[in-house]
Enquirer: 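Mind looking over this structure? Questions follow.
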Number of protein chains: 2
Amino acid sequence: MLTMEQFIQACRQRGLNVTYQRMLIYRVLSQRHDHPSAEEIYQQVRQEYPAISLATVYKTLETFAEHNLITKVTQLHDQARFDGETEPHHHLLCVHCKRIVDIRDERLNQLEIPESCRQEFQILGYRIQFEGICPECAARQSC
Amino acid sequence: MLTMEQFIQACRQRGLNVTYQRMLIYRVLSQRHDHPSAEEIYQQVRQEYPAISLATVYKTLETFAEHNLITKVTQLHDQARFDGETEPHHHLLCVHCKRIVDIRDERLNQLEIPESCRQEFQILGYRIQFEGICPECAARQSC
DNA sequence: TTGGATGCAAATACTTTGCACACGG
DNA sequence: CCGTGTGCAAAGTATTTGCATCCAA
């Protein structure tokens with residue numbers, strides 16, 4: 001989370017033009033803590049700048065995420081993926097090709113649930129997603 | 001992961017008709033370990049049963065997931081969600097209303113990466129997603 | 001001035017729905 | 001036979017793209 005000054009700096013460092021739209025989108029997103037969708041951000045930005053287009057919001061969020069100014073909570077959102085297994089286990093995702101490998105390790109199933117979770121939510125479980133680059137993608141990149 | 005006999009049993013227990021399509025879809029999914037999309041399952045099932053429709057695959061996967069015969073890897077896949085924070089932290093998701101709350105706990109950032117992950121993938125990090133039911137949804141349900 | 005950013009509309013991708021017919025129990 | 005499941009086509013939703021115009025640097 002950056003201040004507006006830091007944000008402007010960060011854009012310049014990355015060669016991104018600092019536009020009014022980008023500042024609004026960044027401000028709206030960083031002031032919210034519920035991880036909104038593009039549509040929700042669009043609706044909120046529109047209140048201050050009605051001329052903005054939804055396509056700009058999409059493009060801007062994508063650009064920010066590529067430049068590591070924000071993150072996408074849902075990396076695999078573009079299509080649903082299914083798992084024949086219902087027993088607790090974890091996943092390792094290749095951030096390039098989106099391949100998923102199962103991870104089974106008893107120690108990972110014994111995580112202590114933090115107090116902040118238990119506080120109000122009725123906890124059902126948890127999933128750990130490891131992220132990395134698979135050998136095939138690593139080989140392709142280094143060429 | 002169930003044998004075909006166990007699967008048929010499990011369907012009966014849940015009051016689900018055992019159809020040829022359902023058996024094929026379950027078999028294809030449980031034999032793969034890459035967590036395919038509906039389209040990929042459709043393409044593979046089609047090789048054995050060309051008359052199947054993509055809509056049936058979608059409906060069937062949804063039904064299976066509701067009855068806990070399979071799981072959806074991507075619960076939030078229906079729309080992308082963004083986070084203004086790029087520093088490592090974790091999430092608590094309400095499985096009903098899809099609300100996301102940030103979880104910060106230093107102990108969660110010190111997980112030991114399992115050997116099976118390191119083996120080949122170049123690991124970039126991990127995210128933990130806790131899942132539960134938020135107070136609002138819990139109140140609504142109990143009525 | 002100039003390349004990157006925006007806005008609009010059209011296109012695409014994924015998923016869901018309505019309905020007539022088929023089939024499992 | 002009854003009610004659930006299926007297939008098809010159409011509709012719905014989320015997202016991306018092409019392109020003319022605009023604007024930050």
Enquirer: Quick one: list whatever passes side-chain contact (heavy atoms from CB on, under 4.5 Å) with B:Gln79, sequence neighbours left out.
Expert: A:Ser37

Enquirer: Please list, chain by chain and in numerical order, all residues satisfying ring-ring contact (aromatic ring centres under 6.0 Å, His included) with B:Phe121, sequence neighbours excluded.
Expert: none

Enquirer: Of all heavy-atom pairs between A:Ile100 and B:Val73, which one has the smallest distance, and what is that distance?
Expert: CD1-CG1, 3.9 Å

Enquirer: Could I get the full list of salt bridge (Lys or Arg N to Asp or Glu O under 4.0 Å) partners for A:Glu112, not counting sequence neighbours?
Expert: B:Arg107

Enquirer: Quick one: OH on B:Tyr58 to CD1 on B:Ile41, what's the gap to the nearest 0.5 Å?
Expert: 9.5 Å

Enquirer: Going by ring-ring contact (aromatic ring centres under 6.0 Å, His included), name the pairs with one or both residues in residues 62-89 of chain A, residues two or more places apart or in two chains.
Expert: A:Phe7-A:Phe64, A:His89-A:His91

Enquirer: Going by the rule salt bridge (Lys or Arg N to Asp or Glu O under 4.0 Å), which residues pair with A:Arg27 if we only count those two or more places apart in sequence or in a different chain?
Expert: A:Glu48

Enquirer: Which heavy atom in B:Leu124 sits nearest to a heavy atom in A:Ile133, and how many Å separate them?
Expert: CD1-CG1, 4.2 Å

Enquirer: Under the side chain to side chain donor-acceptor pair (under 3.5 Å) test, which residues partner A:Arg32, sequence neighbours left out?
Expert: A:Asp34, A:Gln44

Enquirer: For A:Glu39 and A:Gln43, which I'm curious about, is there any donor-acceptor pair between the side chains at under 3.5 Å?
Expert: yes

Enquirer: So if I take the C1' atoms of five pairs at each end of the helix from C:dT1-D:dA25 to C:dG25-D:dC1 and get each local axis, what angle do the two axes make, rounded to 10 degrees?
Expert: 40°

Enquirer: For DNA chain D, which residues in residues 79-86 of chain B have a heavy atom at a distance below 4.0 Å?
Expert: B:Gln79, B:Ala80

Enquirer: Give, ordered by number, those residues of residues 18-44 of chain B having at least one heavy-atom distance below 4.0 Å to an atom of DNA chain D; if nothing qualifies, reply none.
Expert: B:Thr19, B:Gln21, B:Arg22

Enquirer: When you list every nucleotide of DNA chain C with an atom under 4.0 Å from a heavy atom of chain B, which one comes first 5' to 3', and which comes last?
Expert: C:dC14 to C:dG25

Enquirer: So if you build clusters from Ile, Leu, Val, Met, Phe, Trp, Tyr with side-chain heavy-atom gaps below 4.5 Å, do A:Ile70 and A:Val95 land together?
Expert: no

Enquirer: Might you point out which heavy atoms bring B:Cys94 and B:Cys134 nearest each other, and give the distance in Å?
Expert: SG-N, 3.4 Å

Enquirer: Classify B:Thr63 by what it touches in the nucleic acid, base, sugar-phosphate, or nothing, heavy-atom distance under 4.0 Å.
Expert: nothing

Enquirer: Can you sort out the partners of A:Gln47 under side chain to side chain donor-acceptor pair (under 3.5 Å), two or more places apart, ordered by chain and number?
Expert: none

Enquirer: Find which nucleotide of DNA chain C each of B:Leu54 and B:Arg12 is nearest to by heavy atoms, and output the residue with the more 5' nucleotide.
Expert: B:Leu54

Enquirer: Can you give me the first and the last nucleotide of DNA chain D (5' to 3') that has an atom within less than 4.0 angstrom of a non-hydrogen atom in chain A?
Expert: D:dA14 to D:dA25

Enquirer: Indicate, with yes or no, if B:Leu92 and A:Leu108 share a hydrophobic cluster defined by side-chain heavy-atom contacts under 4.5 Å among Ile, Leu, Val, Met, Phe, Trp and Tyr.
Expert: yes

Enquirer: When you measure from the side chain of A:Tyr126 to the backbone N and O of A:Ile113, does any donor-acceptor pair fall under 3.5 Å?
Expert: no

